[in-house]
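These notes concern the structure reproduced below.
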Amino acid sequence: MQVIATAGHVDHGKSTLIRALTGMDPDRWEAERRRGLTIDLGYAWMSLPSGERIAFVDVPGHERFVPNMLAGVGPVPAVLFMVAADEGWKPQSAEHLAVVDALGIRHGLLVVTRSDLADPGPALSEAGRLIAASSLGQVEALAVSAVTGEGLPGLVDALGRLAGSLPVPDPGDPVRIWVDRAFSMSGSGTVVTGTLPAGTVRRGDELVITPSMRPVRVRGIQSLGDPVDELTGPARAALNLRGTSHDRLGRGMALIQPGRWTLTDIIDVRLAESGPAEASPDAGPWLPKTLTLHAGAARTVAKVRHLGGSLARLTLREAIPLHVGDHVLLRDPGASRPAGGPAALVLGLPPMARGGHDPAVYGAVVLDVTPPPLTRRGASATAAAELGSWPDPPAAGDLLRRHGLLRASALLAMGVSDHPDPVSGEWLADPAYWADLGNRLGEAVAAHIGREPLAPGLPVEAARSALGLPDRRLVDALVQPPLKIKDGLVYIPPADDAGPAPDLPTTVLAAVRVLLADLDAAPFASPDADRLRHLGLDLRAIAAAERAGMLLRISDHIVLAPGADAVASRVLAGLPQPFTAAEARMALHTTRRVAIPLLEFLDRSGVTLRLPDDRRQMVSRPAG
Ligand SMILES: Nc1nc2c(ncn2[C@@H]2O[C@H](COP(=O)(O)OP(=O)(O)O)[C@@H](O)[C@H]2O)c(=O)[nH]1
Ligand SMILES: [Mg+2]
């Protein structure tokens, strides 16, 4: 099945065409039929010659009912965009196209209706040109008359091609049914209908209703009028629910698969690319303080905080189930500005698409559904700089860089299932943050020894709280040599090589052991000033450690493990002679900060000779 929504200005023949295609009247209400005006969403369906079925969601074109239109179009992958031959492009043609574009809908047909009333040529070319500049791009275009029937067989063929070209979502995708109706039916109880964009729902499934997160059981499923045992999206669904009554349900709620969505009332978004008209990139898009946010069939009020560039933080009045990468739409309901006004700058459509009328509609992509609070000074700018580099949709690595640590289940609820191996249990960590935590644990243990030389070690709970970790098991996973953990204490065991312990204060000894463990993993990654300071190693302590033979001091600021100079000279002897400092740096896998003082140290030790052109050459081949 495919689900396709209509779009287009009021009275351009949308409902009439759906009636002609399906034999069903999408105008369900008596008032709609009496007035000949679609007010609410209508539903009708047909079978293509291939057997594939198409469910139509017919939307109102009148500007007063744009919220209903949005609820219909929000969850669908394709639209039938209609323009009347005798009227041409109109304000709601522009507004509906802006909506389609903001939602990022990429599939559709252009149908010029009422071709018996006027030459469809001008409407075809004007609408085709405007649509081509939207997310729909080049679409197949045809002219029809629902009155004479002309063009209808061609439209059915085109619908077949459109249906065949639509992406096929994975049947295992998480279920999120956007509710557009809820009612009670004698005999079956509570029924909700909605669009299921992807995933599979089965009879007997337990789903959760947002925003209350109350669980409900699917007692029965109907689709296009027939009972079915299971249904895979895209589809129109009517679900008979146990565990709730219809008056607690309504449009904009969603039925979601537990654990697969984040119910959130605060999100970071990227607004759609602004057109070339935007004057100053630093000023960012002009945005009202409050907008209406539409996601799927849901609608709520969003308080807007501009972060910088095209990035904004939105605080929602009601929580909505979202994934990162979801397209949402922001609308200024009160806005009616002259075309080309500031809001037009972020519309991403050429001015003509707006038909001289500014619909004040913004598209946005959700980047983070659990954004960290912006408390520190300059936090907005930092957030904008960080989010600005994220792809759409963001991946696990991006989210981890921002959050440091995340449970795999939380990431799944954000809509990201691919992730690196956990560091412990289901905890995922950003590699740089994790390495930093490991360093800080060593520092915390060394500092603890300094404060309480006689204590057997740092309690795990104290370590957890010192590092601000959410789970004690993360401390276990962070313990690396020389640290050990036993009986709930993290400690540094005495070195097991025999010989008298160097005559150093316990604090210095503990800190040096932590340093040597770093250098064991990366022999030429000399600790930086911060690391030395955090470990409590000042110049005096370093000099004492050097006298005790535990560290090799290359310069005031560069310390390595004893023997690192011999290792370096073996590596450098393997290079084509003479060699440059850059070649040495690469061979030693280190930075200029370490390579230059190390080479100077080797010069002084008579291991290398510095040539007039600044290259170096080994003086004597090492024995080993
Ligand atoms: N002559 C003619 N009139 C049409 C055609 N399609 C629709 N109409 C008329 O146009 C008016 C608006 O149609 P409707 O389907 O309600 O438009 P909607 O608001 O876009 O759903 C109605 O009076 C229809 O009878 C057509 O192909 N030819
Ligand atoms: Mg209609």
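Order of appearance sets the numbers: ligands from 1, and atoms from 1 within every ligand.
- Using modelled atom types, one finds no donor on one side chain facing an acceptor on the other under 3.5 Å when comparing T148 with D116.
- Residue, atom and distance of the protein heavy atom nearest to atom 2 (C) of ligand 1 are V147 CG2, 3.3 Å.
- At a heavy-atom distance under 4.0 Å, only side-chain atoms of L117, from C-beta outward, approach ligand 1.
- Below 4.0 Å from some heavy atom of K14 lie the following atoms of ligand 1, by number and element: 15 (O), 17 (O), 18 (P), 19 (O), 20 (O), 21 (O).
- Here 2 is the count of protein N, O or S atoms positioned under 2.8 Å from the Mg ion (ligand 2), waters not counted.
- Where the criterion is an N or O separation shorter than 3.5 Å, residue side chain and backbone included, L17 fails it with respect to ligand 1.
- Counting protein heavy atoms only, atom 16 (O) of ligand 1 is closest to G36 O, 3.8 Å.
- Using a 3.5 Å distance cut-off with no hydrogens or angles, the side chains of T190 and S184 do not pair a donor with an acceptor.
- Between the NE2 atom in H96 and the NE2 atom in H12 there is a gap of 11.0 Å [rounded to 0.5 Å].
- Of the N and O atoms on the side chains of T200 and T232, at least one donor lies less than 3.5 Å from an acceptor on the other residue.
- Taking 4.0 Å as the cut-off between side-chain N and carboxylate O, D101 and R106 do not count as a salt-bridged pair.
- The shell of residues lying under 4.0 angstrom from ligand 1, judged by heavy atoms, includes H9.
- Counting heavy atoms closer than 4.0 Å to ligand 1, residue D116 contributes side-chain atoms (C-beta onward) but none from N, CA, C or O.
- Closest protein heavy atom to atom 9 (C) of ligand 1: R114 NH1, 3.7 Å.
- With no hydrogens or angles considered, a side-chain donor-acceptor pair links D180 and Y43 at under 3.5 Å.
- Near T16, meaning under 4.0 Å from one of its heavy atoms, ligand 1 places the atoms 6 (N), 7 (C), 13 (O), 14 (P), 15 (O), 24 (C).
- Ligand 1 has no atom lying under 4.0 Å from any heavy atom of G61.
- Counting the atoms of ligand 1 from 1 in the order shown, those under 4.0 Å from a heavy atom of H12 are 17 (O), 18 (P), 20 (O).
- Closest to atom 17 (O) of ligand 1 among all protein heavy atoms lies G13 N, 3.0 Å.
- Considering backbone and side-chain N/O atoms, D11 comes within less than 3.5 Å of an N/O atom of ligand 1.
- Under 3.5 Å, the side chains of R305 and S380 contain a donor-acceptor pair of N or O atoms.
- With hydrogens and angles disregarded, a donor-acceptor distance shorter than 3.5 Å links the side chain of K14 to the backbone of G8.
- Judged purely by distance below 3.5 Å, without hydrogens or angles, the side chains of R181 and T193 pair a donor atom with an acceptor atom.
- A salt bridge links R28 and D40; the closest N-O separation between the charged side-chain nitrogens and carboxylate oxygens is under 4.0 Å.
- Between the side chains of D265 and T315, no donor N or O sits under 3.5 Å from an acceptor N or O.
- Residues R161 and E140 are paired through a salt bridge, judged by an N-O separation under 4.0 Å between the basic side chain and the carboxylate.
- Other residues, nucleotides and ligands place no more than 12 heavy atoms under 6.0 Å from the CD atom of E150.
- The shortest contact between atom 27 (O) of ligand 1 and any protein heavy atom is with A146 N, 2.8 Å.
- In this structure, V10 has a heavy atom closer than 4.0 Å to ligand 1.
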